[in-house]
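Notes follow the structure.
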Amino acid sequence: MTATARGDRRPWVLLTPALTAVTLLLVIPACFIVVYSFWLRTGTGAEQAGFYLDNWREVLTDPFYRDILGQTLRIAGISTLVCALLGYMPAYFIAYTRFRHRAYLLLLLMLPFWISYIIRTMSWISILGVSGAVNALLQWLGIIDEPLQMLYNEPSVILGLVHFLLPFMILNIYVSLDGIDRSLTDAAKSLGCTGWQAFREVTLPLSLPGLAAGCLLCFVLGAGTYITPMILGGPTDAMFANLVYEAIITQLNWPLGSALSLVLLALLGGLVAIYTRYLGIDQIAKSFR
Amino acid sequence: MDESTRYERLLARYRDGDIDRRTFLKMLGLAGMAAGLAGGPFGLLTPREAKAAVEQVRFDGWGGVVSEAFREYAFKPYTKATGIEVVDGTFGGADEYLARVRASQPGEFNIAHLSGVFDYARYDGLGLSTTLDEDNIPNLKLVIETLQKPFRRITDGRLSAVPYDYGTTGIAYNRKYVSDEEARDKGAKLLIDERFKDKIGGWSEWKTRIWYAALQTGQDPNDIEDMDAVWDAVRQHRDLALKYWSSGAELMSLLGEEEIYVTEGWSGRIRALQDQGHDIGYLDPPGGLAWQECLFVIKGSPMAACEELLNFMLEPEVAIAVAEGQNYPPALNPKKVDLGEKVPTLPAFDPSGTLASLNFFDPAYWNDHEGQWSKTFGRVQRGY
């Protein structure tokens, strides 16, 4: 018989502060965003309260939003893939190194979080800009005569996102690799596997949950960002969150912005739900323990 | 029944013994919790205005040297004279600030250094304007009449703000690649010159984009007849542009680092670049765009305290120091006030005090089209 079934209220008492905070700061505001999405913006910028489906009709039927959503998913997907490819090796190294001070390597992984995300993103302007370090070096070496235009396009947006997301990916894979029983690879080798075969047949499959958790986290964070395309993108390199920003901040159309944000929330929430259904959310939680 | 009446009745019931202390506090607490959740649907539940002695006034501006000048020359003497503290906040853009104001409680934000007549009309349209008692702001007499008139027209003769400075959004170009003659000859069309593909910039603001597109298509920006041609010109600029910038700092960085050679730009920012030694030319083309900034008092503010602060800020010593800091001429009439040596050299400065040569947004015209045009620009700038 469970504690609750016995009438033990202690779990609920202990959970009350967290539940109250989540309700007040997340659930209730989210409910109001839902309410807002059915309002209308008037000519003066003020809202007209009521139950109107105009915003939803527009968001769900207008190909403009569909296209930007597609572009968002593509950019987030590519960034996630690049993070997975780049992130596995450092995670493996940290997990399997015999270096005495492995904790310092993890600390190095956390180091970027000490600097503002905006500053980190803007640092690429000094590196890849026309007057940036890379162009200066290439010109000094005589490889190019004119500076290369490397910024303000989709690749530079992806670069910025990878820079932002990579630590999350490495951390998730590392946690997964660190939890693998080393005797399993030893057993595989003792049964005749080469080092590569042991990795392919034992280590890699066992680390996939971490890789999947990293991919989910990177994709969700990447698809919801608007700062990176704003700083490193060109005129047409927008993501869906930029449309939410513009609707709410520039056009002062909070009802439309609410509908847009709910679409993004539903899409990314759906992904998390699918992941949880098949792989479980525990893997992500492990990374933050 | 408004919220303050509701509170008074609640208090009366408690005093009369109709409700006990615990119930009174619980009801008050629930109301307070609702008040903490501000904006939009929450606004339907929240009390209107906190009634308390004025201990502080909040001022929000653009930060940087401007705020420093305000702090030194206006806020400190104001606090010394009145005992009222000035809480000095900053914002990155007028739109972002308005979003914050709308999500706030009445009285939370008091005075803002806003852009142009357009914002004045927008704030008034949202019911955020006030009525200044001009007798409490004697320095208002020193302000250029032309700058006050558009505000008075919007709010039926009264003022909710005092004009503070003005400037232009002209064409900035790198002289290494564009000569002064070429800039003069091409005017607004320099921004859609294919020779500078991927070296052109532009402000990501729909009004400015449309204004310059109107000039590029030979139309009066305050009376556009062929909007399709304007959108085509906006698209043409978009396809040639490397980047839309969204702040003065970004504009200066893109021009200074030679990421772009041509863009429209704010006169004060371009002057700052020139002062830093960059060889940047600046041109107000025929029909070019001028604007003014104001100090707007937001609804729910302590009026007397705000009016006194506005008067401090309009003191010639303060206004000139701010003007020299931000490189925009003050709204003070040069026929009435000696503006010193630097101000007359600033771009856009009009020694006549009439501003007859400058072109401003017609607020009624632009506000009428704001909803549709800002939305369409949101699509056009994304490739549509």
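From a predicted model like this one, the values you see are computed outputs, not experimental measurements. Throughout, protein chains are lettered first and strands after them, A, B, ... in sequence-line order, and every chain is numbered starting at 1.
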Q: Could you tell me whether the side chain of Arg238(B) reaches within less than 4.5 Å of the side chain of Thr236(A), counting heavy atoms only?
A: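 They are in contact (side-chain heavy atoms under 4.5 Å apart), so the answer is yes.
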Q.
With a 4.5 Å cut-off on side-chain heavy atoms, are Ile125(A) and Glu250(B) touching?
A.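 Side-chain contact under 4.5 Å: no.
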Q | Contact winner vs chain B - Gly234(A), Ala238(A), Gly132(A), Pro255(A), heavy-atom pairs under 4.5 Å | A |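 Highest number of pairs under 4.5 Å: Ala238(A).
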Q: Hey, could you give me the CD/OG1 distance between Gln381(B) and Thr250(A), rounded to the nearest 0.5 Å?
A: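 It comes to 8.0 Å.
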Q. Roughly how far, to the nearest 0.5 Å, is the CE atom of Met122(A) from the OG atom of Ser253(B)?
A.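 Rounded to the nearest 0.5 Å, the OG-CE separation comes to 6.0 Å.
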Q) With only heavy atoms counted, which part of Asp62(A) is less than 4.5 Å from chain B, the side chain, the backbone, both or neither? A)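 For Asp62(A), the side chain is the part near chain B, not the backbone.
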How close do [X] and [Y] get, counting heavy atoms only, and between which atoms?
X	Y	result
Gln251(A)	Gly378(B)	NE2-CA, 4.3 Å
Tyr384(B)	Pro63(A)	OH-O, 3.7 Å
Pro235(A)	Leu242(B)	CD-O, 3.3 Å
Arg41(A)	Glu370(B)	NH2-OE1, 2.9 Å
Ile68(A)	Arg382(B)	CD1-CB, 4.2 Å

Q. Between Glu96(B), Glu257(B), Glu259(B), which has the largest tally of heavy atom pairs under 4.5 Å with chain A?
A.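 Heavy-atom pair counts peak at Glu259(B).
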Q: Could you give me the CA-CA distance, side-chain angles and deciding distance for Ile249(A) and Arg100(B), then say whether side chain to side chain contact (heavy atoms under 4.5 Å, CB included) is met?
A: CA-CA 9 Å; Ile249(A) 301 293; Arg100(B) 280 161 60 191; over 6 Å; no
Q: Can you check whether anything in residues 143-152 of chain A gets within less than 4.5 Å of chain B, heavy-atom wise, and list it by number?
A: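 Gln149(A), Leu151(A), Tyr152(A), listed by number.
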Would you say [X] has more than 12 foreign heavy atoms packed within less than 6.0 Å of its [atom1]?
X	atom1	value
Glu194(B)	CD	no
Ile118(A)	CD1	no
Lys207(B)	NZ	yes

Q | Glu58(A) vs Lys375(B), side chain to side chain contact (heavy atoms under 4.5 Å, CB included): CA-CA, chis, key distance, verdict | A | CA-CA 12 Å; Glu58(A) 182 179 338; Lys375(B) 196 171 176 181; 2.8 Å; yes
Q) Which answer fits Leu254(B), side chain, backbone, both or neither, if we ask what part of it has an atom under 4.5 Å from a heavy atom of chain A? A)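 For Leu254(B), the contact with chain A is made by the side chain alone.
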(Q) Run the salt bridge (charged side-chain N to carboxylate O under 4.0 Å, His left out) test on Glu246(A) and Arg379(B) for me, step by step, so that the C-alpha distance in whole Å, both residues' side-chain angles and the decisive distance to 0.1 Å come before the verdict. (A) CA-CA 11 Å; Glu246(A) 276 166 23; Arg379(B) 289 159 185 253; over 6 Å; no
